[in-house]
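Taking it in order: structure first as structure tokens, then the write-up.
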Amino acid sequence: MSQSLTTINPTTEEELNTYPLMSDQEAFDAVEACHKAFLDWRHRSLEDRAKVIAAIGEELKSRTDDFAQLMTDEVGKLLKDSKQEVQLCAGICAYTAKTGPTELADEERDIQGGKKGIVTYSPIGVIYGIQPWNFPCYQAVRYAIANLMAGNGVLLKHAENCTGSGLLLKEIFESAGLPKDLFTVLVIDHDQSDKIIQHGRVRGVTLTGSDKAGRIVAKQAAEALKKTVLELGSNDAYLVLDDADLDLAVETCATGRIYNNGQTCVNAKRFVVTDKVYDEFVDRFVEKMSKLETGDPNKESTPLGPMARGDLRDTLHEQVQESVAKGAAIRCGGAIPEGKGYFYPSTVLVDVEPGQPAYDDELFGPVASVIRAKDDEDAMRIANDSRYGLGGGIFSKDEERAIELAKTYFDTGMVHINRFGVALPNMPFGGVKDSGYGREHGGFGMKEFVNAKAVFVA
């Protein structure tokens, strides 16, 4: 086992920092310390917890520039997107602090044969989060703030390539007044992570990652009878229907595909276009995508930065090549550029059909799959012809019909109509099918890892 890990700047391929891995005993001691901090925190009032959560949001805002630069250095995010990410996390803190005391307040209910029933939401203990690299601040804040508000302790195993971001988040939380050790970062490898899942102090596990990783973690947690929340991958379909505003659709679809350098679970990935508007959409979409050049993520004018790691770029390119070998055609991009940095060009594939990675799988990078549909009904069928179900979108001038399609027929956890979006603090976030289960945001995340306890009063 390696005794340390090293972070690498994906823009320059230069080493950033080296971090020693914890020993098993150090990791176990950290879990115990988190549990000890939880024993005090659980007795803090909802209002007291909310004050600390609000302070964390303010501290995040004050550290925006430092945190954003670190994320850009570690994973290649556009610096302007990194700053927006920190601001989103500050907004999550503000929303949670404002709504948490109400969401988690005791509820009284009438009961048969007694005076009243009380439903109380009790914290359960230490929650272990395994998080990816694509949103180094947001992925950790999303589950951590909800669980801290609920009264739980929180462990974080962040992706190796954004270890610095995880440690900075701990520093920010504690600077804002969160009790020491209540939010704990574990610098460990995958084998050690398995032992943390099994640890007696850990009461719940949440993971954001691939469906393959989700199956592994869910199985391990289930063997220990521990609840999981899984936010997994997807190949989100955006439907361009017969009556779509093509100006809006082209612009929004391009933005939705390359946002965060194309490395977001809810990126727009498959573009299902009806036959009536297919040719015009493809011509205009290819023109738009082909102009989005890669460059230095620190520059405001750069539309597309590098991918986070070299192996991720290699995997994406292999998926493109396999799709082409099976009948897809490249309209722009599709070649690894020379020079430093893990860059991959904005790419559009057409003639995409079942059996190709571009149709069946998640392409985690700036590659768009355009699929022809006979009509609106066929477009909806194709959108749902996926093992995934995280998000999606519909472009149509008939808003009411689009809402009905989204509510009744779209088999995903989230649907955007005439827009692209990632996450909002007041709306539920999560998917169905192989995209996982459980919900975060919108008040739902605060109740995923609590004991909804029934108290009966005679």
Quick one: sort the F271 and F285 rings into parallel, tilted or perpendicular, breaks at 30° and 60°.
tilted
Would you say the side-chain atoms of T7 and Y19 include a donor-acceptor pair closer than 3.5 Å?
no
If we only count heavy atoms from C-beta on, is the F449 to R203 side-chain gap below 4.5 Å?
no
Looking at H158 versus F183, is the centre-to-centre ring distance below 6.0 Å?
no
The ring-ring contact (aromatic ring centres under 6.0 Å, His included) partners of Y359 (sequence neighbours excluded) come to none
L312 and L316: CA distance, side-chain angles, deciding distance, side-chain contact (heavy atoms from CB on, under 4.5 Å) verdict
CA-CA 6 Å; L312 298 170; L316 179 68; over 6 Å; no
So, D194 versus Q220: side-chain donor-acceptor pair below 3.5 Å or not?
yes
If every non-hydrogen atom of T208 is compared with every non-hydrogen atom of R142, which pair is closest and at what distance?
OG1-NH2, 2.9 Å
Just so I know, are the side chains of K195 and I188 near enough to count as touching, which here means a heavy-atom distance under 4.5 Å?
no
Which atom pair, heavy atoms only, marks the closest approach of V141 to F173?
CG2-CZ, 4.4 Å
Can you see which heavy atom on G392 is nearest to which on F410, and at what distance?
CA-CZ, 3.9 Å
If I compare all heavy atoms of K61 with all of A90, which pair ends up nearest, and what's the gap?
CG-CB, 3.5 Å
Hey, can you tell me if H199 and F28 have their rings parallel, tilted or perpendicular (30° and 60° cut-offs)?
tilted
Does K77 count as lying over the ring of F135, i.e. NZ or CZ under 6.0 Å from the six-ring centre, within 45 degrees of the axis?
yes
If every non-hydrogen atom of A159 is compared with every non-hydrogen atom of P132, which pair is closest and at what distance?
CB-C, 3.8 Å
State, with a plain yes or no, whether a side-chain heavy atom of S193 is found less than 4.5 Å away from one of I130.
yes
Could you walk me through whether T274 and D375 satisfy the side-chain hydrogen bond (donor to acceptor under 3.5 Å, both in side chains) test, starting with their C-alpha distance in whole Å, then the side-chain angles of each, then the deciding distance to 0.1 Å, before giving a yes or no?
CA-CA 5 Å; T274 61; D375 51 29; over 6 Å; no
Say whether, by atom type as modelled, one donor and one acceptor occur between the side chain of R257 and the main chain of T252 under 3.5 angstrom.
no
Flag side-chain contact, heavy atom, 4.5 Å: D434 against L232:
no
Minimal heavy-atom distance between L156 and A140, with the atoms involved, is CD2-CB, 4.0 Å
